[in-house]
Amino acid sequence: MNFANLFKIALRALNTNKFRGFLTMLGIIIGVASVITMLAIGQGSKQSIREQISEMGSNMLMIHPGSMRMGGVRQDASTMQSLKIEDYNAIVQKSEYVAAVSPSVTSSGQVIYSSNNTPTTLYGVNQDYLEIRKYKVTDGDVFSDQDIRTFAKVCLIGKTVADNLFPDGESPLGKYIRFNKTPLKIIGVLEPKGYNSMGMDQDDLLIAPYTTVQKRVLAINYLQGIYASAVNEELSPKAVEEIEEILRFNHKIKEDGEDNFEVRSQEELTSMMTSTTDLMTLLLSCIAGISLLVGGIGIMNIMYVSVTERTREIGLRMSIGAKGKDILIQFLIEAVLLSFVGGIIGILLGVSVTFVVKFVAGWPVLIQPWSVLLSFAVCTLTGIFFGWYPARKAASLDPIEAIRYE
Amino acid sequence: MEKEIIKLVDIKRSFLVGNEVVKALRGVSFSVKAGEFVTIMGTSGSGKSTLLNILGCLDTPTSGEYYLDGIRTDSMSKDKRADIRNSKIGFIFQNYNLLPKTTAIENVELPLIYNPGIPARERRKKAIEALKLVGLGNRLDHKSNQMSGGQQQRVAIARALVNDPVILLADEATGNLDTRTSLEILALFQDLYKDGRTILFVTHNPEMSDFSSRTIALRDGKVISDTYNDKIKDAREELALLPGTDDGQER
Ligand SMILES: Nc1ncnc2c1ncn2[C@@H]1O[C@H](COP(=O)(O)OP(=O)(O)OP(=O)(O)O)[C@@H](O)[C@H]1O
Ligand SMILES: [Mg+2]
């Protein structure tokens, strides 16, 4: 008995019951289509987060005070103030893999110009910060080292803040604004960067020398953070290690002591940001997978019905020489065909829905070949798995009883 | 001396129903030579179908020996018996058992499908030959549900013939048909008999035995008589005696 003949028999059996076959396939179709769509949406948003984070500077490193391991435990004030300007200087002097470093202190507050005011964030940094975060000054100039030494009351202004304070389109350059009562002279306007992947307006900021923010706005002498960038993306793990070493030395932390700071690379940030998406993708795919399972059970159900309906036919086939194995394969092919064709239709439907999501809802999507292959393989296996028991039942029928079955 | 197609030696078959043993066959022995047309007769429950199932290698005896075409089959494995059914036996059932919504040709081809040695084109050729032999050369592509009972039984006979079996086994093959159609089918069997086919025809209708060359009567699972018939009635002549008869197979 050859396979091609059994294939033809199975195909014909399906053909005589097209509508029923279609309804059975529907479960698989919906299952596969939703797996593909869910994965495409999940992968798409993950990719767009990655892209946008790397726009921010893919080799960016962030150093924060406090211990990573302390998790939910409240950390005392000294831990939160562990970063000092000496740490910044040490990194500048000793590191090999770091291309740019900037201290960082920030303050949120209200900024006022004549009768206009708007809430914003003031970043106290040095000139390197612009390079690290890929900001550019379009009008005016960046502050100088001299400005940093003298706590100069100067700042750079982001587009959003400028628009809010100067609604008439006046040039902000040279104007004096007040940030929480501290007067600052605008010496430069930043090139707009738009929103980032987390929906944050990257143009809603002021940038001033960190010394200015420390002394004149916050009245502190520690740093809230240090931003750095590795020489290139590949070297960023090395740079992380190097910075950790320098800081542990500076903070006199013993071999087995706990760090009172943490260094994060962009990569870690990315995986942190995408972990939520990953979880969502996993959950949605699980639900989609369950519908695939339900589809498989539908196949099993209809195959049992089919075996019962065709008991006489099975008996006849056996009486003219079909072996149990022939019957088994015939019904198995039928089940697999149902899931296979359902799988193909499901893939086409899933891809179409994905494109609808992309163009109508405007969501980022990404169909990865492995997700298509995976759902296809899963649904074919579903067919074999759920087709097996009905096919076994058919194959083990007693021909004498089967042929007399009414 | 013709070849012995069937040889049964003290065949017994009992069934366990609940705690009770039902002895359907209590020691049946006989032989059938090539070219015989044997009627197996008996009242309901006498064991005819049980015997036919064993002869057709669908069932195995509880004890005894069964040789088909010289091969001992009573102790064969399931798959071997399937091969024997496929190559040596042609079954004809009371209710035809054609595949629904399937053409005559495809129904007749069916046994050949389970024989991997036969290519598709030859299958079709053989099926057409068999259908012509049973007088359905003009109904090749008719579907089973578009045919009368007599025509369906002809298709079933063609299907039984297509693999050129050593024996045709018919269980109440005319049981569902009216007198005229029954006679037509009998005439067909007689034609096959004249061609030298070996036929075993199970019936509970005593009149049928007049048309065959030998009658074996069963009662309570035993052979009670085994007679040869030298005055075989011609089914065609009987057909001609029926009122309003024309030649044939059509109505
Ligand atoms: N599978 C079975 N299980 C139990 N008993 C069986 C089975 N098959 C047949 N029998 C019994 O064996 C005996 C013979 O049955 P069988 O079907 O061979 O009779 P038959 O001569 O074909 O009758 P009929 O003319 O009504 O078809 C009966 O008493 C029946 O009840
Ligand atoms: Mg019977």
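Below, each value reflects all heavy atoms present in this structure, side chains not excepted, and no hydrogens, waters or symmetry copies. Each chain gets a letter, A, B and so on, in the order the sequences are listed, and its residues count up from 1.
- Using a cutoff of 4.0 Å between basic side-chain nitrogens and carboxylate oxygens, A:D398 and A:R404 are not scored as salt-bridged.
- Within a 6.0 Å radius of CH2 in A:W363, other residues, nucleotides and ligands contribute 12 heavy atoms or fewer.
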For this session: Applying side-chain hydrogen bond (donor to acceptor under 3.5 Å, both in side chains), run through B:D171 and B:Q94 and close with a yes or a no.
Result: CA-CA 6 Å; B:D171 192 0; B:Q94 180 171 357; over 6 Å; no
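- Between the side chain of B:N107 and the backbone N or O of B:T102 there is at least one donor-acceptor pair closer than 3.5 Å.
- Heavy atoms closer than 4.5 Å to chain B are found nowhere in A:R310, neither backbone nor side chain.
- The line from CD1 of A:I302 to CD1 of A:I299 is 10.0 Å long, rounded to the nearest 0.5 Å.
- Of the listed residues B:R81, B:E106, B:K101, the one with more heavy-atom pairs under 4.5 angstrom with chain A than any other is B:E106.
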Exercise. Between B:I105 and B:L131, is a side-chain contact (heavy atoms from CB on, under 4.5 Å) present by the stated rule, with each step listed?
Worked result: CA-CA 8 Å; B:I105 287 204; B:L131 279 166; 3.9 Å; yes
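- Heavy-atom pairs under 4.5 Å with chain A peak, among B:S49, B:A82, B:C57, at B:A82.
- At a heavy-atom separation below 4.5 angstrom, chain A is approached by no residue within residues 7-28 of chain B.
- Between A:F376 and A:F340, the ring centre distance stays below 6.0 Å.
- Note on A:R20 versus A:E309: salt bridge recorded, some NZ/NE/NH1/NH2 to OD/OE distance being below 4.0 Å.
- Only the side chain of A:K8 has a heavy atom closer than 4.5 Å to any heavy atom of chain B.
- To the nearest 0.5 Å, atom CG of residue B:L200 and atom CG of residue B:L55 are 6.0 Å apart.
- The only option from B:D83, B:N86, B:D79 that meets the side chain to side chain donor-acceptor pair (under 3.5 Å) definition with A:K323 turns out to be B:D83.
- Interface remark: B:N95 contributes backbone and side-chain atoms alike to the contact with chain A (heavy atom separation under 4.5 Å).
- Note: B:F189 and B:F201 have perpendicular aromatic rings, judged against thresholds of 30 and 60 degrees for the angle between ring planes.
- Interface residues of residues 26-35 of chain A toward chain B, defined by a heavy-atom distance below 4.5 Å: none.
- Atom CD in A:Q330 sits 7.5 Å away from atom CD1 in A:I314 (nearest 0.5 Å).
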